[in-house]
S.K.: 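Provided herewith is a single structure, encoded as structure tokens, for subsequent inquiry.
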Amino acid sequence: MSELYDVTIIGGGTTGLYTAFYSGMRDLKTKVIEYQPDLGGKVSFFYPEKKIYDVGGFPGVLGDDLVADVKEQALSVQPTIVMGEKIKALEKQEDGTFVLTSHSGEKHFSKTVIVASGLGTYDLRPLDVEGSHYYGGQHIHYTIQNLMQYTGQKAVVISENRVGLDWALALENVASEVHLINRGAEFKAVYGNDLEKLEHSNVHVHMEARVEKLEGTETALERIILDNGEQIQTDHLLVYEGLQIDKSLYDQWGLVTEKGRIPVGTDMATSLEGVFVAGDAAVYPSKTMLIASGFNEAMAAVNSAKSFIDPKAKSQVYSTVIYKHVE
Ligand SMILES: Cc1cc2nc3c(=O)[nH]c(=O)nc-3n(C[C@H](O)[C@H](O)[C@H](O)COP(=O)(O)OP(=O)(O)OC[C@H]3O[C@@H](n4cnc5c(N)ncnc54)[C@H](O)[C@@H]3O)c2cc1C
């Protein structure tokens, strides 16, 4: 960990991954540090099974597929990737290099830093009812990573949010039976014709109902019991009960912030020399919080980091000219 990197990227979302590729392509020794156990940031977290239509060159791409491609592109330049570490502190040392300290106390050393950590870290609220600790893992899911695994299976979704409603509608196409349990009297954050789609679906909706208990055999979940006494047979439970958000405190890292985000100019340089930013963490006039904006900002941030390390370096390069891709 004491090795000195040229560029350390905080965050392994789509922006952080593309930053890693671009940094490697510009011959910079690169490290990515990501808090989650998976790469992909918001795309993997919130909508891995949804199609994205507004990334240039992709007429329509599944979130998961886009992440897989950006990941492949990043890995092609062999960056060091550190998972499960949350950067808590960023300090500039006397020699001008940076030391980043994670929640576990691990230290990372770098000549420059690119902040690609969005608005912070997310943790899903776990289900906490009788039996939930026993049947976790195989039977309780907090994201839909692979829709097809539910083919022909019974599924129960617990959520009062549009996320759960979306899941139930997606599952309806593959599962043999889908129930949606909402503890409230309405769904939160719905838009468009979400409710209409639900009404016309075969999803069994249970409003103002709470799951009290999970029951089954020693090895398999078989049913859930609601607080009104109703029993629902199921093979899988999908839970979205909201997020615990730990907002990034960029000001505590010595950076000037604006409503929690980092104001920058076109070079993506922050108020701290040697620290750059890309993606949702950045803010400037007409900023759009979109995947493609993060890609564009990543290139600018890396080019700035390159010039910071080597002021004689070209400010821009063409991959078709400089990049030797290894198949
Ligand atoms: C529901 C929804 C739908 C969307 N639909 C679209 C769409 O159709 N098209 C589009 O272009 N955009 C869409 N967006 C926006 C898009 O997802 C974001 O703009 C994009 O994901 C931002 O990427 P990022 O890498 O900058 O940030 P993030 O994806 O937020 O990634 C940041 C990463 O940094 C990690 N991190 C944070 N703090 C730390 C730390 N201290 N240490 C280590 N790691 C840390 C986080 O765990 C996370 O993985 C949508 C967003 C949402 C929520």
Side-chain angles (χ1 to χ4, degrees), residues 8-22 31-64 66-67 70-71 74 81-90 100-104 106 108 113-124 143-144 161-167 188-192 194 240 242-253 255 260-262 264 268 275-283 287-298 300-301:
T8 296
I9 300 157
I10 309 173
T14 45
T15 305
L17 287 171
Y18 186 67
T19 308
F21 163 71
Y22 211 82
K31 182 189 266 186
V32 181
I33 303 172
E34 168 55 49
Y35 165 64
Q36 294 290 343
D38 298 309
L39 295 164
K42 285 195 196 77
V43 180
S44 299
F45 209 86
F46 292 108
Y47 51 104
E49 291 289 335
K50 284 204 118 179
K51 267 202 171 181
I52 307 165
Y53 298 96
D54 51 0
V55 179
F58 292 95
V61 58
L62 269 188
D64 254 352
L66 179 71
V67 168
V70 190
K71 204 155 105 182
I81 298 192
V82 179
M83 303 298 297
E85 294 254 324
K86 187 188 296 197
I87 294 305
K88 286 284 191 189
L90 166 68
L100 298 90
T101 310
S102 76
H103 70 299
S104 66
E106 210 67 71
H108 305 269
V113 174
I114 298 181
V115 178
S117 35
L119 307 179
T121 55
Y122 305 92
D123 285 298
L124 290 161
T143 57
I144 296 192
N161 190 282
R162 178 176 53 85
V163 173
L165 193 152
D166 265 359
W167 287 357
K188 291 181 183 164
V190 283
Y191 61 74
D194 282 349
Y240 181 83
L243 299 169
Q244 292 162 319
I245 301 175
D246 187 6
K247 279 194 179 175
S248 291
L249 300 174
Y250 295 126
D251 46 354
Q252 290 182 9
W253 296 358
L255 304 171
R261 289 159 73 203
I262 305 170
V264 281
M268 307 313 288
V275 179
F276 306 90
V277 61
D280 280 6
V283 65
K287 158 79 184 173
T288 45
M289 285 167 83
L290 292 169
I291 296 161
S293 321
F295 291 164
N296 185 48
E297 292 154 10

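First listed ligand is number 1; within each ligand, the first listed atom is number 1. Side chains are part of it too, since the values below use all heavy atoms of this structure and drop only hydrogens, waters and symmetry mates.
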S.K.: Give the C-alpha distance, both sets of side-chain angles, the deciding distance and a yes or no for side-chain contact (heavy atoms from CB on, under 4.5 Å) between Thr15 and Ile9.
M.R.: CA-CA 10 Å; Thr15 305; Ile9 300 157; over 6 Å; no
S.K.: Evaluate Ser117 against Tyr250 for side-chain hydrogen bond (donor to acceptor under 3.5 Å, both in side chains), listing each step before the verdict.
M.R.: CA-CA 10 Å; Ser117 35; Tyr250 295 126; 2.9 Å; yes
S.K.: Run the contact test for Ala116 against ligand 1 with a 4.0 Å cut-off on heavy atoms, strictly below, and give the result.
M.R.: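 Yes, Ala116 has a heavy atom closer than 4.0 Å to ligand 1.
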S.K.: I'd like to check which ligand 1 atoms, numbered from 1 as shown, lie under 4.0 Å from a non-hydrogen atom of Glu85.
M.R.: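 Contacts of ligand 1 toward Glu85, numbered from 1: 42 (N), 43 (C).
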S.K.: A side-chain contact here means heavy atoms from C-beta on lying under 4.5 Å apart; do Val275 and Val115 qualify?
M.R.: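 Contact flag for Val275/Val115 side chains = yes.
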S.K.: Are any of the N/O atoms in Met289 less than 3.5 Å from those in ligand 1?
M.R.: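 So ligand 1 has an N or O lying under 3.5 Å from an N or O of Met289.
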S.K.: Please report which non-hydrogen protein atom sits nearest to atom 49 (O) of ligand 1, along with the residue it belongs to and the distance in Å to one decimal place.
M.R.: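 The answer is Glu34 OE1, 2.7 Å.
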S.K.: Of all the non-hydrogen atoms in the protein, which one sits nearest to atom 53 (C) of ligand 1, and at what distance?
M.R.: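 So the nearest neighbour among protein heavy atoms is Phe46 CD1, 4.0 Å.
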S.K.: Looking only at heavy atoms of Lys88, does any of them come nearer than 4.0 Å to an atom of ligand 1?
M.R.: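 Contact absent.
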S.K.: Using a 4.0 Å heavy-atom threshold (strictly under), name the region of Leu39 that reaches ligand 1: side chain, backbone, both or neither.
M.R.: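 No part of Leu39 comes within reach of ligand 1.
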S.K.: Based purely on interatomic distance, does Ala281 place a nitrogen or oxygen under 3.5 Å from a nitrogen or oxygen of ligand 1?
M.R.: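 There is no such contact.
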S.K.: For atom 1 (C) of ligand 1, tell me which residue out of Tyr47, Tyr18, Phe295 has the closest non-hydrogen atom.
M.R.: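 Among Tyr47, Tyr18, Phe295, the closest heavy atom to atom 1 (C) of ligand 1 belongs to Tyr47.
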S.K.: Just jot down the ligand 1 atoms closer than 4.0 angstrom to any heavy atom of Thr121, in number order.
M.R.: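 Those qualifying, in numeric order: 36 (N), 37 (C), 38 (N), 39 (C), 45 (C).
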S.K.: If you count the atoms of ligand 1 from 1 in the order shown, which ones are under 4.0 Å from a heavy atom of Thr15?
M.R.: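 Per the distance check, 23 (O), 24 (P), 25 (O), 26 (O).
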S.K.: According to side chain to side chain donor-acceptor pair (under 3.5 Å), who are the partners of Asp166, at least two apart in sequence or on a separate chain?
M.R.: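 Here the qualifying residues are Lys50.
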S.K.: Give the residue and atom name of whichever protein heavy atom lies nearest to atom 29 (O) of ligand 1, and the separation in Å to one decimal.
M.R.: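 Ranked first by proximity to atom 29 (O) of ligand 1 is Lys42 N, 2.8 Å.
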S.K.: Which protein heavy atom lies closest to atom 18 (C) of ligand 1, and at what distance to 0.1 Å?
M.R.: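 Closest protein heavy atom to atom 18 (C) of ligand 1: Asp280 OD2, 3.4 Å.
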S.K.: Would you mind listing which atoms of ligand 1 come within a distance below 4.0 Å of any non-hydrogen atom of Ile10?
M.R.: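 Per the distance check, 40 (C), 42 (N), 43 (C).
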S.K.: Could you tell me whether Asp280 and Arg261 make a salt bridge, using a distance below 4.0 angstrom between a side-chain N and a carboxylate O?
M.R.: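 A salt bridge is absent here (no side-chain N lies under 4.0 Å from a carboxylate O).
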S.K.: Which protein heavy atom lies closest to atom 34 (O) of ligand 1, and at what distance to 0.1 Å?
M.R.: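 Result: Gly11 CA, 3.2 Å.
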S.K.: Which residue and non-hydrogen atom of the protein lie closest to atom 41 (N) of ligand 1, and at what distance in Å?
M.R.: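 The closest one turns out to be Ile87 O, 3.0 Å.
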S.K.: Taking atom types as modelled, is there a side-chain donor on Lys86 or Thr121 under 3.5 Å from an acceptor on the other?
M.R.: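 A donor-acceptor contact under 3.5 Å links the two side chains.
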S.K.: Ignoring hydrogens and angles, write down the donor-acceptor pairs under 3.5 Å from the side chains of residues 287-297, residues two or more places apart or on other chains.
M.R.:
| unit_1 | atom_1 | unit_2 | atom_2 | d |
| --- | --- | --- | --- | --- |
| Lys287 | NZ | Gly279 | O | 2.9 |
| Lys287 | NZ | Glu297 | OE1 | 3.0 |
| Lys287 | NZ | Glu297 | OE2 | 2.9 |
| Thr288 | OG1 | Ser293 | OG | 2.7 |
| Ser293 | OG | Thr288 | O | 3.1 |
| Glu297 | OE1 | Gly279 | N | 2.7 |
| Glu297 | OE2 | Tyr284 | OH | 2.4 |

S.K.: Mind checking whether Tyr22 and Ile114 have side chains closer than 4.5 Å, heavy atoms only?
M.R.: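 The answer is no, as the side chains (C-beta and beyond) never meet within the 4.5 Å cut-off.
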S.K.: For atom 7 (C) of ligand 1, what's the nearest protein heavy-atom neighbour? Residue, atom name and distance, please.
M.R.: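 Residue, atom and distance for the closest contact: Asp54 OD1, 3.7 Å.
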S.K.: Are Ile52 and Tyr47 side-chain neighbours, meaning at least one heavy-atom pair lies under 4.5 Å?
M.R.: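 The answer is yes, as the side chains (C-beta and beyond) meet within the 4.5 Å cut-off.
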S.K.: With heavy-atom distances below 4.0 Å as the criterion, list the atoms of ligand 1 near Tyr35.
M.R.: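 Near Tyr35, the atoms of ligand 1 are 43 (C), 44 (N).
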S.K.: Say you draw a straight line from CG of Leu66 to CG of Leu17; how long is it, rounded to the nearest 0.5 Å?
M.R.: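 One finds 10.0 Å between CG of Leu66 and CG of Leu17.
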S.K.: If the plane angle is over 60° it's perpendicular, under 30° parallel, otherwise tilted; pick one for His103 and Tyr35.
M.R.: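 His103 and Tyr35: perpendicular rings.
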S.K.: Which of the numbered atoms in ligand 1 are below 4.0 angstrom from a heavy atom of Ile33?
M.R.: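 Answer for ligand 1: 43 (C), 44 (N).
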S.K.: May I ask you to identify, for Thr14, whether its side chain, its backbone, both or neither come under 4.0 Å of ligand 1 on a heavy-atom basis?
M.R.: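 Thr14 to ligand 1: contacts from backbone and side chain alike.
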S.K.: Report yes if Gln36 has an N/O atom closer than 3.5 Å to an N/O atom of ligand 1; otherwise report no.
M.R.: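 Between Gln36 and ligand 1, no N or O pair is found under 3.5 Å apart.
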S.K.: Counting each atom of ligand 1 from 1 as listed, which ones have a heavy atom of Gly279 under 4.0 Å away?
M.R.: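 Answer, ordered by atom number: 26 (O).
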S.K.: Evaluate Glu34 against Val82 for side-chain contact (heavy atoms from CB on, under 4.5 Å), listing each step before the verdict.
M.R.: CA-CA 6 Å; Glu34 168 55 49; Val82 179; over 6 Å; no
S.K.: So which heavy atom in the protein is nearest atom 11 (O) of ligand 1, and how far is it from that ligand atom?
M.R.: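 Ranking protein heavy atoms by distance from atom 11 (O) of ligand 1, first comes Ile291 N, 2.9 Å.
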S.K.: Within a strict 4.5 Å, meaning less than it, do heavy atoms of the Ile81 and Leu39 side chains meet?
M.R.: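 They are in contact (side-chain heavy atoms under 4.5 Å apart), so the answer is yes.
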S.K.: Is there a side-chain contact (heavy atoms from CB on, under 4.5 Å) between Leu243 and Phe45 once you walk through the steps?
M.R.: CA-CA 11 Å; Leu243 299 169; Phe45 209 86; 3.3 Å; yes
S.K.: Provide the number and element of each atom of ligand 1 under 4.0 Å from a heavy atom of Ile52.
M.R.: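 Within the 4.0 Å cut-off of Ile52, ligand 1 contributes 8 (O), 9 (N).
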